Amino acid sequence: MFDKTKIFEKEQHKYSNEAKKYLGNSQKTEGLLNKAIKLANEKKASLGEGWGKLQLFLELVKAYSKGEYKNVSPSTVLTIIGTLLYFVSPLDLVPDFIVGLGILDDAALIGFTVKKVSAELEAFSKWKQAKIFAEQNPLD
């Protein structure tokens with residue numbers, strides 16, 4: 001029997017050094033976000049509920065890299081960037097070119113990451129909703 005947690009931790013660790021190159025480099029981060037957005041839109045149906053969580057990852061990293069949201073630990077941002085790097089990589093545990101199976105590991109890692117950073121993800125989600133509410137003009 002295999003331990004999914006150990007497998008996912010190992011995969012995230014593979015991408016952690018690469019993820020560090022994105023922290024503080026908004027241009028590089030923007031390129032990753034654009035790739036991830038494009039792929040996410042292409043794989044939306046296959047990702048199921050992971051699609052919405054992936055959108056939240058993208059929004060958090062974007063807000064963090066622009067300096068708009070700072071109430072998150074750098075380790076959480078690195079974990080999410082590592083997950084995004086895994087997601088856009090065509091060669092991961094189950095290569096994306098294997099039709100029908102290639103996206104399953106991506107969705108599983110997204111779910112694993114959500115559980116791992118759930119508290120900070122929830123705080124970001126609340127911040128985002130408050131920001132949207134504050135930007136609405138009550139006189140409209």
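Note that the coordinates shown come from a computational prediction; the quantities given were computed from them, not determined experimentally. Residue numbers start at 1 and run along the sequence shown.
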Heavy-atom closest contact (Gly82 atom, Ala19 atom, distance): N-CB, 3.9 Å
Approximate separation, where rounding is to 0.5 Å, of Ile110 CD1 and Glu49 CD: 11.0 Å
Value rounded to 0.5 Å, distance of CG in Leu60 from OG in Ser65: 10.0 Å
Student check: side-chain heavy atoms of Phe57 and Ile81 closer than 4.5 Å: no
Result of checking Leu109, Thr113, Leu47 against Phe87 for side-chain contact (heavy atoms from CB on, under 4.5 Å): Leu47
Heavy-atom pair with the smallest gap, counting every atom of Val114 and Lys53: CG2-CB, 3.6 Å
Distance-only side-chain donor-acceptor flag, Ser73 / Glu120, under 3.5 Å: yes
Between OG on residue Ser16 and CD on residue Glu18, distance to nearest 0.5 Å: 10.0 Å
Mutual orientation of the aromatic rings belonging to Trp127 and Tyr69 [parallel < 30°, tilted 30-60°, perpendicular > 60°]: tilted
Euclidean distance, Lys38 NZ relative to Leu33 CG, rounded to 0.5 Å: 15.0 Å
Full working for side chain to side chain contact (heavy atoms under 4.5 Å, CB included) between Ile80 and Leu58: CA-CA 9 Å; Ile80 292 172; Leu58 296 166; over 6 Å; no
Verdict with reasoning, Leu23 to Tyr64, per side chain to side chain contact (heavy atoms under 4.5 Å, CB included): CA-CA 9 Å; Leu23 217 55; Tyr64 181 83; 3.8 Å; yes
Flag side-chain contact, heavy atom, 4.5 Å: Leu85 against Tyr22: yes
Flag if over 12 foreign heavy atoms under 6.0 Å of NZ, Lys62: no
Pairwise distance CG(Leu39) to CG(Asn34) - rounded to 0.5 angstrom: 12.5 Å
Over all atoms of both residues, closest heavy-atom pair of Trp51 and Ala40: NE1-O, 3.2 Å
Heavy atoms of other groups near Glu68 CD, more than 12 under 6.0 Å: yes
Reported CD1-to-CG distance for the pair Ile37 and Leu32, which is rounded to 0.5 angstrom: 9.5 Å
Flag if over 12 foreign heavy atoms under 6.0 Å of NZ, Lys28: yes
Main-chain N/O of Leu121 paired with Ser125 side-chain donor or acceptor, under 3.5 Å: no
